[in-house]
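The model shown is predicted, which means the values in this text are computed figures rather than measured ones.
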Amino acid sequence: MTDTQFTPRVFSGIQPSGGLTLGNYLGAMKRFVDMQEEGSFQTVYCMVDLHAITAKLQDPATLRHNTRELAAGFIAAGVDPAKSILINQSQVPEHAQLAWIFNCVARMGWMGRMTQWKDKAGKNAEAASLGLFAYPALMAADILIYHATHVPVGEDQKQHLELTRDIATKFNHDYGVDFFPLTEPVIEGAATRVMSLRDGSKKMSKSDPSDASRINLTDDADTIAKKIRKAKTDPDALPSEIEGLKDRPEARNLVNIYAALNDQTVEQVLADVGGQQFGSFKPLLADLAVAKMSPISTRMAELMADTAEIDRILAHGATQAREITAPILKKTYEIVGMVG
């Protein structure tokens, strides 16, 4: 089956769990904006608030705040509600309705093999929620309720997209239709996985006890510069060739961040800075990070001062989204044999 019959459409989402970082920006938001501006896709971006309650119950006020803050982050990063559909998942009920169909298509064995299920449930799987076990089917529904043809994903989400393709394939085969596309992953860019500023072998995370390990999207210019200056490095000069970054995780991370912020390849950056010590490179990276990131934190603060406007944008996005999702769900129900 090919995607030629489907409107070229991108879908992606981020969980509103609070504490947005540079990793969220470079690994997701910046690429969302790039795909929006490319103009060859319709783009749909989502705050996946239903996913946020799978592992544990959330304080309702905190979840609402985090959802609005994530929406502010999307907009401040450059996602334009006039160009992209921007939604929170729970306002588009077709996501959950299609997820039930997919719960009946997906196999228990498929779900049990999911790496994130094993990691998050751990040895106490009997106490984990059914939602945590089944949420990859909801993720598949998030994507396929839009007939999305492409999804920008990090390396850690590739398995979920493979499951989405498996569900689409099985549905199409079981019902003898060519209805759901086999969505393609889009994995690109120098910093699809941003690492800790204190340990280049660990992913940058809001849960790290050290605030110095990450750049938060709410950090001001002085804080951003200070964290870059204090980032862990090694005593050697930067190499001129990419092979020279092997076994140098902190050096590789900082070069990757510079490349991603400056829309360059790692090779281009090393051609410019090869031979420099970190005492020279870090100020360059700090200036670049401040120039790119501090306007985002400023804009986020402005947006969070008027949450009614954020709510209006999300409500409008839900109306736009349902123009796509309602007919797809209706046709799915017809294929399955639902009456009405």
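- Scanning both residues, His95 and Leu138, for their nearest heavy atoms gives O-CD1, 3.8 Å.
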- Task: Go through the steps to decide whether Leu70 and Met29 satisfy the test side-chain contact (heavy atoms from CB on, under 4.5 Å), and finish with yes or no.
- Result: CA-CA 10 Å; Leu70 178 54; Met29 293 175 175; 3.7 Å; yes
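- Side-chain polar atoms of Asn172 and Thr169 form no donor-acceptor pair below 3.5 angstrom.
- Residue Trp100 is not grouped with residue Leu144 when hydrophobic side chains (ILVMFWY) are merged at heavy-atom distances under 4.5 angstrom, including chains of intermediate members.
- In this structure, Asp49 does not pair ionically with Arg64, as no charged nitrogen and carboxylate oxygen lie closer than 4.0 Å.
- In this structure a side-chain-to-backbone donor-acceptor pair under 3.5 Å is present from Ser210 to Ala212.
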- Message: Before you tell me yes or no, could you show the steps for Asp142 and Gln89 under side-chain hydrogen bond (donor to acceptor under 3.5 Å, both in side chains), namely the whole-Å CA-CA distance, both residues' side-chain angles and the distance that decides it to 0.1 Å?
- Response: CA-CA 8 Å; Asp142 295 334; Gln89 183 187 28; 2.9 Å; yes
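- Aromatic ring pairs are classed by plane angle as parallel below 30°, tilted from 30° to 60° and perpendicular above 60°; the pair Tyr175 and Phe171 is tilted.
- Residues Arg312 and Glu309 are paired through a salt bridge, judged by an N-O separation under 4.0 Å between the basic side chain and the carboxylate.
- Two residues are said to be in side-chain contact when any heavy atoms from C-beta on lie closer than 4.5 Å; Leu20 and Thr218 fail this criterion.
- At a threshold of 4.5 Å between side-chain heavy atoms, the hydrophobic network of Ile, Leu, Val, Met, Phe, Trp and Tyr places Met195 and Leu285 in two separate groups.
- Contact annotation: the side chain of Asp208 never approaches that of Arg198 to less than 4.5 Å [non-hydrogen atoms, C-beta and beyond].
- Leu50 and Val48 end up in different hydrophobic clusters when Ile, Leu, Val, Met, Phe, Trp and Tyr side chains are linked at under 4.5 Å.
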List the atom pairs, donor and acceptor, that lie under 3.5 Å between side-chain atoms in residues 327-340 and the rest of the protein, sequence neighbours left out.
residue : atom : partner : partner atom : Å
Lys330  : NZ   : Glu334  : OE2          : 2.8
Thr332  : OG1  : Ile328  : O            : 2.7

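- Counting heavy atoms of neighbouring residues, nucleotides and ligands inside a 6.0 Å radius, atom CD of Glu37 exceeds 12 of them.
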For residues 101-112, dump all side-chain donor-acceptor pairs below 3.5 Å to protein atoms at least two apart in sequence or in another chain.
residue : atom : partner : partner atom : Å
Arg107  : NE   : Val105  : O            : 3.1
Arg107  : NH2  : Cys104  : O            : 2.9
Arg107  : NH2  : Val105  : O            : 3.2

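- Between Ala321 and Ile87 the shortest heavy-atom distance is CB-CG2, 3.9 Å.
- Aromatic ring centroids of His147 and Phe11 lie 6.0 Å or more apart.
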- Item | Derivation of the salt bridge (charged side-chain N to carboxylate O under 4.0 Å, His left out) call for Glu184 and Arg165 | CA-CA 9 Å; Glu184 294 290 339; Arg165 290 166 61 92; 3.3 Å; yes
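- For the pair Asp34 and Lys30, the salt-bridge criterion is met [side-chain N within less than 4.0 Å of a carboxylate O].
- The closest side-chain donor-acceptor pair between Ser17 and Lys206 falls under 3.5 angstrom.
- Under the 4.0 Å criterion applied to side-chain N and carboxylate O atoms, Asp199 and Lys232 are not assigned as salt-bridge partners.
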- side-chain contact (heavy atoms from CB on, under 4.5 Å) evaluation trace for Asp311 with Arg68: CA-CA 8 Å; Asp311 293 350; Arg68 289 168 174 145; 2.9 Å; yes
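- Looking at Lys282, its side chain does come within 3.5 Å of a backbone N or O of Ala231 through a donor-acceptor pair.
- Gln58 places a side-chain N or O within donor-acceptor distance of the main-chain N or O of Ala52, the cut-off being under 3.5 Å.
- Between Tyr45 and Phe32, the ring planes lie parallel to each other; the angle is under 30°, not in the 30° to 60° tilted range.
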- Task: Take Ile257 and Ile228 through the side-chain contact (heavy atoms from CB on, under 4.5 Å) test and state the conclusion after the steps.
- Result: CA-CA 11 Å; Ile257 291 171; Ile228 295 291; 5.6 Å; no
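- By the 4.5 Å heavy-atom criterion applied to side chains, Asp211 and Lys227 are counted as neighbours.
- By the 4.5 Å heavy-atom criterion applied to side chains, Arg252 and Ile242 are not counted as neighbours.
- Under the 4.5 Å side-chain contact rule for hydrophobic residues, Val194 and Val33 share a cluster.
- Side chains of Arg322 and Pro93 form a contact here, defined as non-hydrogen atoms less than 4.5 Å apart.
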